[in-house]
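Shown next, in structure tokens, is the structure this report addresses.
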Amino acid sequence: MRILFMGTPEFAVPSLEALVAAGHEVCGVFSQPDKPVGRHQNRLQPTPVKECAITHNIPVFQPVKMRDGTALAQIQTLAPDLIVVAAYGRILPDEILACPPKGCINVHSSLLPKYRGAAPINWAVLNGDTVSGVTIMHMATELDAGDIIVQESTEIGPDETAEELYRRLSVLGAGLLVQAVSAIEAGIAQRTPQNGADATLAPMLSKELSPMDWSRTAHALHCQVRGLLPWPVASTEKLTGETIKVYRTEETGDKTQAQPGTVLAAGKHGIDVACGEGTVLRITELQAPGKKRMKAADYLLGHPIAVQSQG
RNA sequence: CGCGGGGUAGAGCAGCUUGGUAGCUCGUCGGGCUCAUAACCCGGAGGUCAGAGGUUCAAAUCCUCUCCCCGCAA
């Protein structure tokens, strides 16, 4: 099938690779415009999807605007049977959605109608969900609200981070996408409307989500730490005065009478901090300003933290 | 050349302002204590101070350039 692919970050790469590997004719790739990334703000970086497209000699298009007609004209010239969107980061106007004869489908990293929006994987982990998944659906005018073609769930491990789940779902989504495309090609694709009443939103993340409130339970904080990876990362300045990013934690299962935020222990196992409802969270990996990410035990060798008296 | 922080023993850090014996904690090795130990005591090994050049009687420290790492931005 002749397919136009739209995607931007790493998540979309396995889907693009899978379509190519499945023998579909990917006639073009849309990706977000190159942006300065990282330390060299003077240099533009291609998106992961663009880099992948180039290795397969697929023409790349990076329209700045989707609604000024040029994007539509390019699509009409490419004349795809189907448009596949995976984390493109743009809302497509109706005239584009209506363009390809087989329609537009989307790879979304949640079990829709839960977690419509930009950051479904992170929010699933932040909320302490134990199940996540991928949905392939038709695209509708309303964001992530289209009819579901196929869906597959997967368990979220108790210590799994959003970053790890992201990688797993990108692969899961790629496989499911190829199934869906085959079904569409064969004319046997399912089409199940979403129950809009069950819909929840997963908005973009921000640094405001980073600070850790030690009066929350160890479990809630553990979810916060896992869910905010790889960005913006949970942080606390209560321990040392400087802002420490917290990369990995464990729920100790211990109980304490100490005030939330009290450092109960600091040693080679990590830093144990009292949390809400008498629970205890152990920080095992962190990052100090200007430093690399390191084991909490290593950090302590050069930055002793006083264990506070419990009260 | 976007702004800022950093590179010192296997790990995490101090020392640099004011040049003059390479320091701390942990790990490691050996010995001791102990029923025993991740505990404690004694002793040892381990560093071209990121690299190159310069100033100087003398550079981890001051000057110049290069490389690498981290944060800011998403």
Side-chain angles (χ1 to χ4, degrees), chain A residues 6-13 30-52 62-66 85-91 109 117-123 125-126 143 161-163 165-167 170 201-212 224-225 227-250 252-254 263-273 280 282-307:
Chain A
M6 299 184 175
T8 298
E10 208 58 53
F11 179 84
V13 172
F30 273 43
S31 197
Q32 293 261 25
D34 295 355
K35 280 189 292 192
V37 173
R39 256 153 239 139
H40 302 286
Q41 295 282 311
N42 47 336
R43 273 209 296 267
L44 297 177
Q45 288 281 333
T47 70
V49 164
K50 179 183 182 179
E51 287 190 314
C52 175
Q62 300 175 278
V64 176
K65 291 189 161 193
M66 298 307 293
V85 180
Y88 179 40
R90 283 291 168 85
I91 294 179
S109 48
I121 301 172
N122 297 279
W123 282 104
V125 177
L126 282 168
L143 182 69
T161 67
E163 192 171 19
L165 182 59
Y166 181 99
R167 274 187 234 112
S170 71
L201 288 179
M204 243 191 309
L205 302 177
S206 84
K207 299 195 79 158
E208 291 169 21
L209 298 171
S210 292
M212 297 170 74
Q224 181 182 359
V225 168
L228 293 181
L229 290 171
W231 186 90
V233 188
S235 67
T236 181
E237 46 191 39
K238 300 256 167 69
L239 267 33
T240 64
E242 54 183 9
T243 302
I244 300 290
K245 289 188 172 183
V246 179
Y247 280 88
R248 201 165 279 277
T249 52
E250 293 170 7
T252 65
D254 296 342
V263 176
L264 303 172
K268 49 191 61 175
H269 49 271
I271 304 169
D272 291 1
V273 185
V280 178
R282 173 171 294 172
I283 299 171
T284 58
E285 227 174 304
L286 54 73
Q287 182 174 33
K291 298 299 183 179
K292 291 185 196 180
R293 173 175 174 173
M294 65 182 80
K295 295 265 198 273
D298 289 345
Y299 175 81
L300 291 170
L301 293 174
H303 307 81
I305 293 179
V307 174

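Computation of the quantities below employed the complete heavy-atom set of this structure, encompassing side-chain atoms and omitting hydrogens, waters and symmetry-equivalent molecules. Below, chains carry the letters A, B, ... as their sequence lines are ordered, and counting in each starts from 1. From a predicted model like this one, the values you see are computed outputs, not experimental measurements.
- In the displayed structure, A:Leu44 atom CG is contacted under 6.0 Å by more than 12 heavy atoms of other residues, nucleotides or ligands.
- In this structure B:C40 sits in a base pair with B:G32, meeting the Watson-Crick or G-U test at under 3.5 Å.
- With sequence neighbours excluded, no residue satisfies side-chain hydrogen bond (donor to acceptor under 3.5 Å, both in side chains) with A:Arg39.
- Residue A:Gln41 places no side-chain N or O under 4.0 Å from the OP1 or OP2 atom of B:C3.
- Of the nucleotides present, B:G2 is the one that pairs with B:C72 by Watson-Crick or G-U wobble criteria, both distances under 3.5 Å.
- Partner assigned to B:C57 is B:G20, using Watson-Crick or G-U wobble distances below 3.5 angstrom.
- You'll find that the side chain of A:Val37 is closest to B:A73, out of B:A73, B:A74, B:G71.
- Here A:Asp272 pairs with A:Arg282 under the side-chain hydrogen bond (donor to acceptor under 3.5 Å, both in side chains) rule; sequence neighbours left out.
- Rounded to whole Å, the separation between the P atoms of B:G47 and B:A73 comes to 41 Å.
- With rounding to whole Å, A:Tyr88 atom OH is found 20 Å from B:A74 atom P.
- To the nearest whole angstrom, the two P atoms, one in B:G23 and one in B:U18, are 24 Å apart.
- Searching all strands for a Watson-Crick or G-U wobble partner of B:C65 with both distances below 3.5 Å returns B:G51.
- Straight-line distance between the P atoms of B:A14 and B:U25: roughly 15 Å, to the nearest whole Å.
- Rounded to an integer number of Å, the gap from CZ of A:Arg43 to C1' of B:C1 is 9 Å.
- Atom CD1 in A:Ile244 sits roughly 13 Å away from atom C1' in B:G71 (whole-Å rounding).
- Taking for each of A:His40 and A:Lys207 the nucleotide of RNA chain B with the nearest heavy atom, the 5'-most of the two is the partner of A:His40.
- Following rounding to the nearest Å, A:Leu205 (CG) and B:A74 (P) show an atom-to-atom distance of 13 Å.
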**Asked** Does the side-chain hydrogen bond (donor to acceptor under 3.5 Å, both in side chains) test come out yes or no for A:Ser31 and A:Gln62, once each step is laid out?
**Response** CA-CA 5 Å; A:Ser31 197; A:Gln62 300 175 278; 5.2 Å; no
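- When both pairing distances are held under 3.5 Å, B:G27 makes no Watson-Crick or G-U pair with any nucleotide shown.
- Taking atom P on both B:U61 and B:G51, the two are 11 Å apart, rounded to the nearest angstrom.
- What separates CZ of A:Phe11 from P of B:A74 is a distance of 23 Å, to the nearest Å.
- As judged by a 4.0 angstrom heavy-atom cut-off over every strand, A:Lys295 is placed among residues making no nucleic acid contact.
- For A:Glu163, there are no side-chain hydrogen bond (donor to acceptor under 3.5 Å, both in side chains) partners, not counting sequence neighbours.
- Between A:Arg39 and B:C70 there is a side-chain N or O to OP1 or OP2 distance below 4.0 Å.
- The same atom, P, is picked in B:G6 and in B:A50; the two are 13 Å apart, to the nearest Å.
- Listed for the A:Thr243 side chain is no donor-acceptor partner under 3.5 Å among the backbone atoms of A:Glu237.
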**Asked** Base, backbone or nothing for each nucleotide of nucleotides 10-15 of chain B, written B, S, -, heavy atoms under 4.0 angstrom, 5' to 3'?
**Response** -BBS--
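- Separation of the C1' atoms belonging to B:G7 and B:G15 is 15 Å when rounded to the nearest angstrom.
- In this structure, B:A14 makes no Watson-Crick or G-U wobble pair, since no nucleotide meets both defining distances under 3.5 angstrom.
- Distance A:Trp231 CH2 to B:G71 C1': 14 Å, rounded to the nearest Å.
- Checking side-chain atoms of A:Thr8 against main-chain N and O of A:Tyr88 turns up a donor-acceptor pair under 3.5 Å.
- For A:Glu250, the side-chain hydrogen bond (donor to acceptor under 3.5 Å, both in side chains) test picks out no residue, with sequence neighbours left out.
- Here, B:G19 and B:G54 have their C1' atoms 15 Å apart, quoted to the whole Å.
- Separation of the C1' atoms belonging to B:C49 and B:U34 is 41 Å when rounded to the nearest angstrom.
- Contacts classified as side chain to side chain donor-acceptor pair (under 3.5 Å) and involving residues 288-297 of chain A (residues at least two apart or in different chains) are given here: A:Glu285-A:Arg293.
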